[in-house]
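Encoded as structure tokens, the structure appears first; notes follow it.
Counting begins at 1 with the first residue of the sequence.
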Amino acid sequence: MLFTPFEFKIAKPIWLENYEGEMNRTALFTASLTKGKNTVLHITAQNTYQVFINGKFVFFGPSRASHGYYRVDHLPIGKYLTKKENEISVLVSGYHCHNFYLVSELAFFVCEATDGDKVFLATGTDAWQSYLYEQKLQKVERYAYQRPFCEVYDFQTKSPLQTGEKASQKVYDNFGNTFIEREVSYPAFPYEKGTLIEGGNVQKLDTPRPFSTWWSAQIGKSYHGFLNSELEFNSTEYVGYLDLIKSDKRICKTLKTDSYITYEMKCNLTGLVKIEISAKSDTTIALTFDELLSNGKVDYARMECANVIVYKLKGGEKYSLLTAEPYTFKYMNVISVGGEATIDLLGVIRCDFNEKEIIKKIKPSADAQIKRIYNAALETFRQNTYDIYMDCPSRERAGWLCDSFFTSRVENLMSGKSRVEHAFLSNFLMAGQYPRVPDGMLPMCYPADHTDGNFIPNWAMWYVLELKEYFLRTGDEEFVLSAREAVYRLVEYFRGFENENGLLEKLKGWVFVEWSRCNSLTQDINYPTNMLYYKFKKTVGALYDDLSLMCEADELKEAINKEAKIGEFYCDNAVYDADGVAKLSGEITETAQYYAFFTGIADKVTNKELWDTMIRDFGSKRKQDNKWENVHFSNAFIGNYLRLDLLKSAGLKEELEADIRGYFDYMAKTTGTLWEYDSTCASCNHGFASHVLVWLDYLGYLE
């Protein structure tokens with residue numbers, strides 16, 4: 001079964017009249033509720049929402065689903081209803097823009113409270129009051145190409161609750177979309193405080209540091225967002241004028257005019273930023289943050305993200321501030337410009353996989369290095385498994401295939417369940433048709449809306465590889481059968497690119513092998529992709545008892561082994577010359593060899609010389625002693641991971657442990673999480689990287 005439907009008894013979806021379809025609108029909904037220990041709030045919204053009861057944060061949701069489907073949360077709120085009359089506030093952010101994190105659909109809010117069979121406080125009735133929350137500015141920068149908008153707040157203006165200016169409600173009587181159960185476990189939202197480590201003064205520059213990205217020019221054209229000329233506040237330009245000068249004097253929580261302090265978290269963490277501030281005078285507080293320090297400083301633009309949150313505060317007021325969205329950081333600057341303020345508290349409300357669900361722990365006998373790697377891998381898993389498998393919880397929060405193949409193993413190992421995986425895989429099947437990708441193809445990441453129609457054909461194959469492992473983990477034959485149509489549509493899509501030898505050639509889209517030289521060698525005939533295609537066909541054949549596909553796979557394996565070899569190595573690609581003849585490029589990558597063994601194109605008996613070379617001369621120490629200058633290095637994703645998995649499969653425990661220590665300890669020391677690359681040029685908290693836990697368990701370090 002793909003999903004379990006849910007029906008509201010009374011409630012209907014609502015939004016603010018005359019604001020439907022606008023980008024980056026925030027609505028506030030309030031209601032009064034009497035005390036009741038068995039009260040349950042059934043709630044969902046598009047895109048994200050936060051629930052507060054009597055001013056206390058209760059929940060951030062919802063769990064994501066496919067286009068036209070919305071997962072409903074069921075929140076037991078009796079323990080929060082401590083007064084005779086309790087104030088419930090729900091803040092809903094409707095982005096309505098293309099991005100990798102959320103689908104772009106009309107914003108709405110739907111909710112009803114129940115106590116046993118009694119239903120009350122339902123949207124679509126007069127129980128809820130609606131307000132346009134204009135203190136959160138609408139026309140601001142995009143946070144990133146992959147995520148919606150920055151957060152800028154002007155609390156020097158009055159809130160709608162202060163003015164009493166209510167907004168009319170639009171009730172969607174004929175909604176036409178499907179409500180379904182949440183399915184995944186609920187987070188605990190623990191709070192983590194930061195530690196004050198640095199402070200200093202702020203100097204104004206004559207010209208701002210530039211914040212220019214490759215996608216900026218597309219805004220307002222093929223890419224949703226606001227033009228610079230439309231912005232109510234330009235966050236990156238504002239902080240671009242600010243030069244932070246470290247002071248040697250004693251650091252304190254009180255920020256004088258034009259000064260800053262820096263907080264450090266225990267490790268790279270993800271959550272809603274919570275900060276309590278007493279503003280002594282009117283001031284603008286800018287928060288800039290990142291996962292690590294670059295040359296000793298916070299680089300808020302390191303990943304082409306605008307890691308900036310801005311609050312305009314009124315003097316003489318105390319504020320308890322909470323961001324609308326989760327962010328990821330280890331270091332955060334708090335900058336006060338134009339006035340004085342005291343920071344009473346700063347940290348994050350964690351948004352991650354509930355720690356109580358974890359059943360595997362590190363053995364006390366493990367050494368300090370292994371414990372450090374374990375903790376980093378566990379943090380990476382938890383922060384990237386909030387509601388779906390994410391690539392990273394920072395730049396994208398996107399549900400990428402292939403990444404999920406590795407993270408899914410971790411979920412089952414660490415929790416004994418595959419609930420997030422079921423939700424993740426089913427999201428790719430619910431809608432049936434996907435905007436802007438070719439018929440038969442699956443999106444590369446989902447739920448999402450991409451503006452350029454890009455897709456990764458390789459990632460669709462990884463979906464099928466994960467589907468088989470999901471079946472082996474769960475025995476869920478019903479789900480495998482429900483995926484059959486989508487799987488065979490993929491088979492037919494790829495047939496259109498087969499040459500006379502059955503190899504895929506001139507594939508469209510973003511042919512992705514790995515973040516290394518491999519990705520420059522993807523045309524015309526890419527052999528790692530065809531190796532994966534072999535495993536794809538074998539897997540489809542095994543799942544659906546399709547002997548003809550398995551025979552085709554055997555023929556494909558023979559063709560690859562006949563065409564792709566240069567000595568003991570597999571060449572990455574062949575390119576057609578002017579006469580239309582496909583010739584090997586001569587390029588050899590470390591990762592192509594890993595693909596060959598991982599997919600079954602090669603084996604350690606038939607290809608013993610290559611296997612011995614790969615085990616002996618490649619790996620975590622290769623850059624220190626490179627014996628094969630003609631073979632391009634692998635990167636973390638996914639070459640190094642294929643290598644480690646091969647070491648596990650071959651029972652080479654000593655080599656596996658040496659590589660784990662060599663690849664990951666410096667990451668664990670630096671951020672307390674594991675990275676997308678083997679360097680800090682990208683995300684330092686990437687979901688697939690948590691797969692280290694699977695190997696640590698194999699090595700006997702978990703209990």
Side-chain angles (χ1 to χ4, degrees), residues 360-381 402-403 405-414 465 469 514 516 535 589-605 607-628 631 633-669 673-678 686-703:
K360 285 276 190 175
K361 308 292 184 182
I362 190 73
K363 288 182 178 178
S365 58
D367 62 62
Q369 189 180 57
I370 289 295
K371 287 178 178 176
R372 185 164 52 238
I373 294 170
Y374 165 84
N375 288 332
L378 183 60
E379 283 290 351
T380 302
F381 166 71
C402 187
D403 297 63
F405 175 87
F406 296 93
T407 314
S408 64
R409 291 175 171 179
V410 183
E411 183 199 4
N412 189 263
L413 169 71
M414 299 304 289
L465 268 57
E469 291 205 358
E514 191 210 42
S516 67
K535 194 170 181 69
T589 68
E590 184 181 340
T591 297
Q593 318 317 307
Y594 297 149
Y595 265 89
F597 286 98
F598 177 80
T599 58
I601 291 294
D603 64 75
K604 61 183 179 180
V605 176
N607 307 85
K608 185 179 185 305
E609 184 180 359
L610 176 58
W611 175 262
D612 290 344
T613 297
M614 187 180 71
I615 299 304
R616 181 186 64 243
D617 297 339
F618 296 165
S620 59
K621 295 182 179 179
R622 186 183 167 207
K623 290 184 179 179
Q624 302 168 23
D625 182 22
N626 185 17
K627 298 179 181 179
W628 301 92
V631 179
F633 290 105
S634 283
N635 205 332
F637 190 60
I638 63 175
N640 293 348
Y641 277 71
L642 295 182
R643 171 185 176 81
L644 291 166
D645 218 45
L646 290 169
L647 294 176
K648 173 182 176 291
S649 298
L652 299 175
K653 292 187 175 183
E654 185 176 330
E655 292 84 352
L656 175 62
E657 182 167 334
D659 273 353
I660 287 173
R661 294 177 186 271
Y663 282 136
F664 303 116
D665 191 45
Y666 71 98
M667 300 181 186
K669 284 180 177 178
T673 48
L674 303 181
W675 306 349
E676 178 180 8
Y677 288 12
D678 55 11
H686 234 66
F688 77 87
S690 64
H691 193 275
V692 173
L693 293 166
V694 174
W695 300 316
L696 289 178
D697 183 61
Y698 169 72
L699 292 172
Y701 282 115
L702 304 190
E703 60 180 7

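Counting non-hydrogen atoms of other residues, nucleotides and ligands closer than 6.0 Å to NZ of Lys361 gives a total above 12.
In this view, Ala650 and Lys604, Trp611, Leu652 satisfy the side chain to side chain contact (heavy atoms under 4.5 Å, CB included) rule, not counting sequence neighbours. Under the side chain to side chain contact (heavy atoms under 4.5 Å, CB included) criterion, Ser516 pairs with Glu514, Cys518, Thr591, Asn635, not counting sequence neighbours.
Interatomic distance, Glu411 CD to Thr407 OG1, rounded to the nearest 0.5 Å: 9.5 Å. Rounding to the nearest 0.5 Å places OH of Tyr374 at 10.0 Å from CG of Asp697. In this structure, CZ on Phe597 lies 8.0 Å from CD1 on Ile615, to the nearest 0.5 angstrom. Going from atom CZ of Arg643 over to atom CD of Gln593 covers 12.0 Å, rounded to the nearest 0.5 Å. A distance of 6.5 Å separates CD1 in Ile370 from CD1 in Ile660, rounded to the nearest 0.5 Å. Lys360 NZ to Leu696 CG: the interatomic distance, rounded to the nearest 0.5 Å, is 11.5 Å.
Considering only heavy atoms from C-beta on, Val694 stays 4.5 Å or farther from Phe406 through its side chain. The side-chain heavy atoms of Leu644 and Tyr663, taken from C-beta on, include a pair separated by under 4.5 Å. With a 4.5 Å cut-off on side-chain heavy atoms, Ile362 and Leu702 count as touching. Residues Arg661 and Ser620 have side chains not in contact (no heavy-atom distance under 4.5 Å, counting atoms from C-beta outward). The shortest distance between side-chain heavy atoms of Ile638 and Phe688 does not fall below 4.5 Å.
Using a cut-off of 4.0 Å between Lys/Arg side-chain N and Asp/Glu carboxylate O, Lys653 and Glu657 are scored as not salt-bridged.
Of the possible donor and acceptor atoms, one in the side chain of Tyr666 sits under 3.5 Å from a partner among the backbone N and O of Asp678. In this structure a side-chain-to-backbone donor-acceptor pair under 3.5 Å is missing from Glu676 to His686. With hydrogens and angles ignored, the 3.5 Å screen pairs a side-chain donor or acceptor of Lys363 with a backbone N or O of Gly700. Distance alone, capped at 3.5 Å, is enough to place a donor-acceptor pair between the Thr380 side chain and the Leu674 backbone. Of the possible polar contacts, none joining the Lys627 side chain to the Arg622 backbone as a donor-acceptor pair under 3.5 Å is found.
Looking at every heavy atom in both residues, Leu693 comes nearest to Ala377 through CG-CB, 3.6 Å. Between Gly639 and Ser634, the shortest heavy-atom distance links the atoms CA-OG, 4.0 Å. Taking both residues in full, the closest heavy atoms of Lys648 and Trp695 are given as CD-CD1, 3.5 Å, listed atom of the first, atom of the second, then distance.
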Exercise for review: Could you give me the CA-CA distance, side-chain angles and deciding distance for Phe598 and Lys535, then say whether side-chain contact (heavy atoms from CB on, under 4.5 Å) is met?
Suggested key: CA-CA 9 Å; Phe598 177 80; Lys535 194 170 181 69; 4.2 Å; yes
Point to revise | Pair Tyr641-Phe664, ring-ring contact (aromatic ring centres under 6.0 Å, His included): steps then yes or no | key: CA-CA 11 Å; Tyr641 277 71; Phe664 303 116; 5.7 Å; yes
